[in-house]
Amino acid sequence: MAYNPHHLTEREIRDALLHRLLESATGSQALIEELGVGQARMDVACAGNVLSGYEIKSDFDTLDRLARQMHAYHDVFDLLTIVTTSAYVNQVEALLPKWWGIWVACRQAGQVVLNERRAPAPHNLQDAQSLAAMLWRDDAYQFAVRLLGPVVRTRATRSDLQELIANSIPLNVIRRKVLDSLISRQDLQARSHHAGQNRTNRQRKVVTRRVTSPGHEVAGF
């Protein structure tokens, strides 16, 4: 791609997105970068009363993987927004369901500005088993025992627990458990951003961090 001073990189868009989300975040929310969801990774996830996902497509990206990614995201997220540039806005508007939000990034007076073209809306495609796969094995076991009692085997595997939870617990209860887990899990704290961070931390450039979905961990889970 020929150099264009107005072209935006993924890093520039991500920094602007994190800054904007942190400006409106509450203490009960966590922003998580590169959250593993099935075989995909959401660029920025916001866990609070709902689970919102923000997928970034910069001027230097392609849309080749978007169709596959969006189906994985539909299984887990309450609200979804794509953050892109004028180069792709018409294509993503045609490709994505109408309940996806669309934000358009542009460079203005040396800053990256995000403009909302379309607000996200709720959908009914969340999948109980995909949500259950977001829980670590021990977290899933304790959750299942608390709600289902002795029916849960002590040596149940992560896969067993995932299936049991999906088939026996209402989706809205699983969803709330996943939100609470994402907000409070200690292993995510270094990879998350919270409204309480000081101004310096909120303005500095953040190194991209990858968070693997528990559903794709190996040995012991």
Asks: Which atom pair, heavy atoms only, marks the closest approach of L171 to D127?
Replies: CD1-C, 4.2 Å
Asks: Tell me if the CG atom of N49 is crowded by more than 12 foreign heavy atoms within 6.0 Å.
Replies: no
Asks: Considering only heavy atoms from C-beta outward, does the side chain of I32 approach that of V44 to under 4.5 Å?
Replies: no
Asks: Which value, rounded to the nearest 0.5 Å, describes the distance between Q129 atom CD and Q162 atom CD?
Replies: 4.5 Å
Asks: Verify whether one side chain among Q126 and D78 offers a donor that lies under 3.5 Å from an acceptor in the other.
Replies: yes
Asks: Search all heavy atoms of M70 against all heavy atoms of L95 and return the closest pair with its distance.
Replies: CE-O, 4.3 Å
Asks: So do the side chains of R11 and D15 get within less than 4.5 Å of each other, counting heavy atoms only?
Replies: yes
Asks: For the pair R155 and D160, find out whether any cationic side-chain nitrogen is under 4.0 Å from an anionic carboxylate oxygen.
Replies: no
Asks: Is NZ or CZ of R20 both nearer than 6.0 Å to the six-membered ring centre of W103 and within 45° of the ring axis?
Replies: yes
Asks: I need the minimum non-hydrogen distance between P122 and L79, along with the two atoms involved.
Replies: N-CD2, 3.6 Å
Asks: With side-chain contact (heavy atoms from CB on, under 4.5 Å) as the test, would you mind laying out the steps for Y54 and D43 before giving the verdict?
Replies: CA-CA 6 Å; Y54 298 85; D43 288 311; 5.9 Å; no
Asks: Tell me, do E163 and R158 make a side-chain contact under 4.5 Å, heavy atoms counted?
Replies: no
Asks: Does the side chain of L164 reach to within under 4.5 Å of the side chain of L148, using non-hydrogen atoms?
Replies: yes
Asks: Grab the two heavy atoms, one from V37 and one from A72, that are nearest each other, plus how far apart they are.
Replies: CG1-O, 3.6 Å
Asks: As an exercise, state the distance from CD1 of I102 to OG1 of T84, rounded to the nearest 0.5 Å.
Replies: 9.0 Å
Asks: Give the ring-plane orientation class for F60 versus H7, where under 30° counts as parallel, over 60° as perpendicular and anything between as tilted.
Replies: perpendicular
Asks: If we only count heavy atoms from C-beta on, is the L80 to P120 side-chain gap below 4.5 Å?
Replies: no
Asks: Show the numbers, then the answer: is there a side-chain contact (heavy atoms from CB on, under 4.5 Å) between L96 and L66?
Replies: CA-CA 9 Å; L96 296 172; L66 185 56; 4.1 Å; yes
Asks: Give a yes or no answer on whether the side chain of Y73 reaches the backbone of A40 with a donor-acceptor pair at less than 3.5 Å.
Replies: no
Asks: Using 0.5 Å steps for rounding, measure from the SG atom of C46 to the CG atom of L35.
Replies: 11.5 Å
Asks: Using side chain to side chain contact (heavy atoms under 4.5 Å, CB included) as the criterion, point out the one residue from I13, V104, I56 that pairs with T85.
Replies: I13
Asks: How far does SG of C106 sit from CD of Q111, to the nearest 0.5 angstrom?
Replies: 11.0 Å
Asks: Parallel under 30°, tilted from 30 to 60°, perpendicular over 60°: which one fits the rings of W100 and H74?
Replies: perpendicular
Asks: What's the spacing between W99 CH2 and R118 CZ if we round to 0.5 Å?
Replies: 10.0 Å
Asks: Under a 3.5 Å distance rule, please check whether R137 uses its side chain to pair with a backbone N or O of A156 as donor and acceptor.
Replies: yes
Asks: Hey, could you give me the CD1/CD distance between I82 and E55, rounded to the nearest 0.5 Å?
Replies: 6.0 Å
Asks: If you take all heavy atoms of S181 and D139, which pair is closest and at what distance?
Replies: OG-OD2, 3.0 Å
Asks: Go through L63 and V92 one step at a time and tell me if the side-chain contact (heavy atoms from CB on, under 4.5 Å) criterion holds.
Replies: CA-CA 8 Å; L63 302 183; V92 300; 4.0 Å; yes
Asks: Does atom CZ of R68 have more than 12 heavy-atom neighbours from other groups under 6.0 Å away?
Replies: no
Asks: Using a strict cut-off of less than 4.0 Å between a Lys/Arg side-chain nitrogen and an Asp/Glu carboxylate oxygen, indicate whether K98 and E93 qualify as a salt bridge.
Replies: no
Asks: Going by heavy atoms in the side chains, are Q39 and Q69 under 4.5 Å from each other?
Replies: no
Asks: Do L135 and V50 belong to the same hydrophobic cluster, where Ile, Leu, Val, Met, Phe, Trp and Tyr are linked whenever their side-chain heavy atoms lie under 4.5 Å apart, directly or via other members?
Replies: no
Asks: Given side chains that start at C-beta, do those of V83 and K57 come closer than 4.5 Å, heavy atoms only?
Replies: no
Asks: With heavy-atom distances below 4.5 Å as the criterion, would you say the side chains of F143 and V152 are in contact?
Replies: no
Asks: Got more than 12 heavy atoms from elsewhere within 6.0 Å of CZ, R176?
Replies: yes
Asks: Between F77 and A45, which heavy-atom pair has the shortest distance, and what is it?
Replies: CE2-CB, 3.9 Å
Asks: Could you walk me through whether V113 and R107 satisfy the side-chain contact (heavy atoms from CB on, under 4.5 Å) test, starting with their C-alpha distance in whole Å, then the side-chain angles of each, then the deciding distance to 0.1 Å, before giving a yes or no?
Replies: CA-CA 6 Å; V113 177; R107 198 186 305 281; over 6 Å; no
